Amino acid sequence: MNSFTFRRADAPDTAVEALAHDHAAKLLGGGTNLIDLMKQGVEQPTALIDINPLPLAEITPLPGGGLRLGATARNSDTAAHPEVRAQYPMLAQAILAGASAQLRNMATDAGNLLQRTRCYYFYDPAYLACNKRKPGSGCAAITGFNRIHAILGASPECIATNPSDMAVALAALEPTVRVRGPKGERHIHFADFHRLPGKTPEIDTNLRADELILSIDLPRSSYAAHSHYLKVRDRASYAFALVSVAAALDLDGTTIRSARLALGGVAHKPWRAEAAEKSLKGKPATADSFRAAAELALAGAQTYKDNAFKVPMAKQAIVRALTVAAGEQA
Amino acid sequence: MSAAAIGEPLTRVDGRAKVTGAAKYAAEFEVPHAAHAVMVTSTVASGRITRMDTTAAERSPGVVTIMTPANAPRLPNNGRAAVNPPAGRVLQLLQDAEVHYNNQPIAVVVAETLNQALLAAALIDVRYQSTPPKLDFQAGFPAAHVGKNKIPSMLSEGDVAQGFAAAEVTVEQIYTTPKQNHNPMEPHGTIASWDGELLTLHDATQYIFGVKQTVAKTLGIPEDNVRVLCPYTGGGFGSKGSTWSHVVLAAMAAKVAKRPVKLVLERPQMFGPVGGRPETYQHIVLGAKRDGTLTAIRHDCYSHVSTVEDFVEPSSSQTRMLYAAPVITTSQKLVSLNVGTPTFQRAPGEATGTFALEIAMDELAVALNMDPVALRLKNYAEADPTSHKPFSSKHLRECYEQGAGRFGWSKRNPAPRSHREGNLLIGYGMATATYPANRSESQAAVRFEPNGRVTVLSGTQDLGTGTYTIMAQVAAAKLGLPITLVDAKLGDTRQPQGPVSGGSQTAASVTPAVQAAAEQAVLKLVTLEISNPGSPFYGALPEELDFKEGKLLRRSAPASGIPFTEIVGRNGGAAVEAKASAKPSQDVEEYSQHSWGAVFAEVAVDESLGMPHVRRLTAVYDVGTLLNEKTGKSQLIGGLVWAQSLALEEETHIDPTTGRPVNNNLAEYHMPVNLDIGALDVSALGTPDKNFEPLGGRGIGEIGITGASAAIANAIYHATGKRFRDAPITPDKLLA
């Protein structure tokens, strides 16, 4: 691990100032991903600014409904929060499906959004080719072992996947991410927060290097009664999603008023399946409707040597998640 | 407290030390002035190092020394120690610039702190002349070669052609198992310190005397100059049975640095330089009569090896003794690849072999429309079908009966896909478990201490298995003492020599020596007393005396007992100690020695998501006497967890271009978590095998991983109607 300076931020502004001052500085939340990457030599910040002392750990109701998740609220506390469980049960399910209890106890909500994408070849600097680690060096994963890699929205430069479960549920819940930079606050729509790799896979999010996340603001939801987070994985805990689905329905009897659908384990960002959502609108909540939506969601899928299974797996997981969300016995 | 008894489920004596952190593992010893070493490993799989620039690394803060192929001390015979496995291997000791596999040790950086060593290591610039690595296992079959092993490469019993010609039903399939790495919780680590010509090693090992011998021979120094200490081993599973490169490198680095050096492998370095289970490809043909009688069995195996050394994963072993077929033909062939040398991994051979053979038997049962248990009973081997020796003891029939009863096997509807619960398909499967009973010569000592306690010593290892506990328990039982009065000591080459803790043999080897030493120590008390005029036993004949509950007494007058502390005091006050050795008697050669078991599995499969869940495993074992029911069952349970891991989760993936293990961390090298494990019902018959060893106990460390993986695969077949022959059966394969 490279040497770095360490300081505790005492106010959001001082954290932002420190970032503006030193572009190689990083904010430290739970450290559950950053420290791993520093040990691997993938991240080499010159300074760590500990934001845990900041008063950003609260989960508070927003005026007019909705809920504000403070940046440094722990994943475990968020999943256990009564308002999260009541209004956004899918979010609690997603958080609890992620990582291990120990990691969730440390990991912060903002930090969860800033996890780097998961790829063996990115994490191990012994591989010379990784456009994310070293822009222009190539992608070892495309010709390598790519069972865990992306099937949607990838580019020839990068086929890594976002590893978060929480972010998949958030993608379906449409929060905004409130951030502070040197020029003050701004709000980023969740759909615009994470990026597809394109030609710049080294940049995972649209958060600027000198910005601090203050909170994740969830709007009031009409999906609490009919939602489900489903994670398909190699083992029952402490495994990244092969495919995951956040599915939510707003039902009028058995007719779908509106739907939300997001996928994990399939793309460089939490993947919102908007065309599939639209197709469900006004349809009966039946297996046929769900299957048609699943087809649409995976329409643009492109697979590689070891991950073709993700397409049927994702389709079937979508049908299952929607079925459970609709309230039928799984 | 009453005297300890054999079999009693005593809680492990070192449990408290372990959970409180008081138990010190090899790398946790604080050796004054120790420097920290980091092993640098290759990033290509084949070729040679053309240049290694250490300029920047040498200038890095805190660096003590950097050892490379250019400056490493030259070793006698280029570092080849002429010690055969398990202790000795072909090591990579910086004696040349050749690279044989990705992640091979190529340099050692020593610095004042671990982080300084890591930072300097990252600054070394290595250039290679790389050649295309051999990585394709199956492409190597035409050029496969025969390796050296206990088992000849090819064995045939009976007339093979006739055997298959007599068959009315034939099953012929290919079964495969993947590369695996042991990944014990404690990574390998060594602290080497020299005092003049004397070398002390704190080493994480399954074989302290093997380390002593191998390191001495490799360095060309007398064995007596090396002391190895390992009071606790944080799991080994075979990877710590051999002395690997880092142990010798630590000793070399300490010599160069002129101070003690600590070298601990990083988790990614556990994939390659310290062995692993090779990939297997197994072709099985079963021929049978319509009534289920086997007429012939063929089992041809390929497994991979490195380019530097052969190691046979003998997957066909159990095929040679498990079923009473008149014709049995087996073969083992090896394919050289540019990967780290494979080695013993929990039940080498039987773990992978029973996965294949026991699925094949299930396929035969399906083809014959016969109950899988009935098929196995039909072909029950009353004697070893290829060595033709009687078994030392075999109660497998009872295992099937009790296992089936406990599990509720009779409720099984034999039709696949016949049991559904919502989205889940439920299946029942079973298989036979077996593993050889091994035992080696071992020494132990028993000491009557002046303070009234008894010390039992043996230079063996406790891998987390309970060796401390059973040593104390067996000594206490022999002497009629409570276990709380007995202290067990192990893990030091200054103690009487014990064998490698491999092949499930520690308990069966060490405890007879403990018993013998206890007898000798009592005899010593007797001898002292009958020749001491100050003793009430002066002049007595040895056979007139007995030792009970810590007292020496006259058989004719049980109330005459004198505590051993008094005897110790009367005879100079120094502890009274005796050492003894025990080895298998000559007549064990008359028997075929194996343990047995029957495993039943219930698996629920969500086939549209590809997710399996093993709801329960019922296993009944015939492993002879269980020395301690609690620690014994724990080992069997651990074995079952490993079997589930083999069946459903575990696999080392190799990058197809560079030969580098890609999932080289515990987040992505999957083995079961608690949530994966269902109800485990484990029992042992407890029938002593006195033909094997005096207490009648056979080893239990490995049998748990055998058979059970096939039982799970067979349950998945029964659930889904689909046959899976390639481990691990992961969601991508299972998805319907």
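All values below come from the heavy atoms of this structure, side chains included, with hydrogens, waters and symmetry mates left out. The model shown is predicted, which means the values in this text are computed figures rather than measured ones. In the text below, chain A, chain B and the rest are named by the order of the sequence lines, each starting its count at 1.
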Exam field: side chain B:N115 to backbone A:M1, donor-acceptor pair closer than 3.5 Å: yes
Worked check of side-chain contact (heavy atoms from CB on, under 4.5 Å) between B:L119 and A:N2: CA-CA 7 Å; B:L119 282 174; A:N2 274 41; 3.3 Å; yes
Reported OG-to-CZ distance for the pair B:S645 and A:R235, which is rounded to 0.5 angstrom: 9.0 Å
Nearest-0.5 Å distance that lies between atom CG in A:L128 and atom OG1 in B:T43: 6.0 Å
From CD (B:E650) to CG (A:D234), nearest 0.5 Å: 12.5 Å
Chain A contact via B:N664 - which portion, at a heavy-atom distance below 4.5 Å: side chain
B:S608 versus chain A, the contacting section by heavy-atom distance below 4.5 Å: both
Side-chain donor-acceptor distances from residues 670-677 of chain B under 3.5 Å, at least two apart:
from   : atom 1 : to     : atom 2 : distance (Å)
B:H670 : NE2    : B:A667 : O      : 3.3
B:D676 : OD1    : A:A236 : N      : 2.8
B:D676 : OD2    : B:V673 : N      : 3.0

Note: A:R320-B:D606 ion pair, threshold 4.0 Å (strictly below): yes
Considering all heavy atoms, the nearest B:D655-A:G144 contact: OD1-CA, 3.6 Å
Residues B:E668 and A:R118 bridged, charged N to O under 4.0 Å: yes
A:Y238 to B:L666 - nearest heavy-atom pair and separation: CE2-O, 3.6 Å
Sidechain-backbone polar pair: A:Q316 side chain, B:L609 backbone, donor-acceptor under 3.5 Å: no
Contact origin within A:D124 toward chain B - heavy atom pairs under 4.5 Å: side chain
Contact class of B:P661 relative to chain A, heavy atoms under 4.5 angstrom: backbone
Test item: A:Y127 side-chain N/O and B:R660 main-chain N/O as donor-acceptor pair under 3.5 Å: yes
